Amino acid sequence: MNLSQRAAAEAAGVPHRYLTIVETSDARIGTNLDLVDFYSAAGIEFLGEASIGQEIARAGARWLGPSLQDVGKAEKARFHAEDRRVSFRAARALLNKGQDEVAGLTGLSRATVKSLELGKAWEESQRTLLTFYESAGIEFVGWGDPVTNMYFGIGVRWSLRPPEPESIPLSVQS
């Protein structure tokens, strides 16, 4: 959604400090539900697989998309679409890293990381960033529509396979 934490809190009608608490603890379930309602109304779907007695697995988020890929233009127009198949910004957010940190970990410049997040297409740099995030255990989700040349359901989630420990800084490993 391209919102800062402060802007999201304001738009959802909750204090910024509560959003910070909710994102870092299990407290304030009412505020958490208000935030879920806010993001859902904006077209964001939260992902995860839950089992009683287990932590939520494969958590993430994505833009809602049509339930079927073979629907008409009018149906597709009701959903958010992207002109690229991955969201590097969402992947960075899932890792809770800044652009400077990702740049340092990948060997790319901060300007390159920023440009790739904005949709610039430099094949080698894109491959480097994609490999970094996938090695960190992130799965990119969504699908492309050949008729509109747009992508629906774009987002990220933790993958089924664990991250590759040797390629991830200790601050990302659990």
Side-chain angles (χ1 to χ4, degrees), residues 1-12 16 19-20 23-24 35 38-48 56-66 69 76-174:
M1 288 178 45
N2 253 353
L3 289 177
S4 68
Q5 190 182 56
R6 185 172 306 282
E10 184 178 315
H16 178 246
L19 178 57
T20 302
E23 288 185 351
T24 59
L35 288 167
F38 165 72
Y39 286 115
S40 295
I44 301 288
E45 176 183 26
F46 291 101
L47 305 172
I56 293 176
R58 303 193 68 214
R62 70 176 182 168
W63 286 102
L64 283 172
Q69 294 182 14
K76 289 175 187 169
R78 295 181 37 226
F79 295 93
H80 176 85
E82 299 269 337
D83 58 359
R84 51 195 183 276
R85 72 173 194 88
V86 298
S87 175
F88 287 131
R89 186 169 191 259
R92 181 171 54 80
L94 192 58
L95 282 181
N96 196 25
K97 300 284 181 205
Q99 288 178 338
D100 289 330
E101 193 171 0
V102 169
L105 294 168
T106 60
L108 300 170
S109 70
R110 181 184 183 281
T112 298
V113 170
K114 181 178 180 178
S115 293
L116 290 171
E117 288 182 3
L118 293 172
K120 302 289 187 231
W122 300 310
E123 190 171 330
E124 188 174 327
S125 296
Q126 275 183 298
R127 195 172 325 111
T128 297
L129 205 51
L130 187 65
T131 300
F132 168 75
Y133 287 127
E134 288 175 342
S135 295
I138 291 177
E139 174 185 339
F140 292 90
V141 297
W143 55 273
D145 178 37
V147 174
T148 62
N149 203 28
M150 298 298 284
Y151 296 88
F152 294 92
I154 298 301
V156 294
R157 72 183 317 163
W158 292 109
S159 68
L160 281 172
R161 67 175 180 73
E164 299 167 15
E166 66 280 354
S167 65
I168 304 162
L170 291 176
S171 60
V172 175
Q173 296 178 24
S174 43

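Everything quoted here is computed from the prediction, not taken from an experiment. Excluded from the calculations below are hydrogen atoms, water molecules and symmetry mates; all remaining heavy atoms, backbone and side chain alike, are included.
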ask   = Side chain of R62, backbone of E45: donor and acceptor closer than 3.5 Å?
value = no

ask   = Shortest non-hydrogen contact from F38 to A8?
value = CE2-O, 4.0 Å

request  = Heavy atoms only: give me the nearest A103-S109 pair and the separation to one decimal.
outcome  = CB-C, 3.7 Å

ask   = With sequence neighbours excluded, what pairs up with L116 under the side chain to side chain contact (heavy atoms under 4.5 Å, CB included) test?
value = F88, L108, T112, W122, S125, Q126, L129

inquiry  = Using a 3.5 Å distance criterion without hydrogens, assess whether the side chain of R84 forms a donor-acceptor pair with backbone atoms of E117.
reply    = yes

remark   = With sequence neighbours left out, the residues meeting side chain to side chain contact (heavy atoms under 4.5 Å, CB included) with I56 are A50, A59

ask   = Any idea which heavy atoms bring I44 and A61 closest together, and the distance?
value = CG2-CB, 4.1 Å

For the student: nearest non-hydrogen atoms of A136 and W158, plus distance = O-CZ3, 3.5 Å

query = What residues, two or more places apart in sequence or in another chain, satisfy side-chain hydrogen bond (donor to acceptor under 3.5 Å, both in side chains) together with E139?
reply = R58

request  = Work out which heavy atom in R89 is nearest to a heavy atom in L3; give both atom names and the distance.
outcome  = NH1-N, 4.3 Å

query = Roughly how far, to the nearest 0.5 Å, is OG1 of T106 from OH of Y133?
reply = 7.5 Å

request  = Might you point out which heavy atoms bring F132 and V102 nearest each other, and give the distance in Å?
outcome  = CE2-CG1, 4.2 Å

task = Would you give the length of the straight line joining atom CZ of F152 to atom CD of E82, rounded to the nearest 0.5 angstrom?
result = 10.5 Å

Gap between atom NE2 of H80 and atom CE of M150 - 0.5 Å precision = 7.5 Å

request  = Nearest 0.5 Å please: distance from the OG1 atom of T128 over to the CG atom of L105.
outcome  = 13.0 Å

request  = Evaluate whether atom NZ of K76 has more than 12 neighbouring non-hydrogen atoms of other residues, nucleotides or ligands under 6.0 angstrom away.
outcome  = yes

request  = Could you tell me which residues satisfy ring-ring contact (aromatic ring centres under 6.0 Å, His included) with Y151, sequence neighbours excluded, listed by chain and number?
outcome  = none

task = Just jot down the side chain to side chain contact (heavy atoms under 4.5 Å, CB included) partners of A90, sequence neighbours excluded, or say none.
result = S87, V156

key: Summary of salt bridge (Lys or Arg N to Asp or Glu O under 4.0 Å) pairs that have at least one residue in residues 2-11, sequence neighbours excluded   = none

query = Should the ring pair Y39 and F46 be called parallel, tilted or perpendicular, given that the plane angle runs from 0 to 90° and is split at 30 and 60?
reply = perpendicular

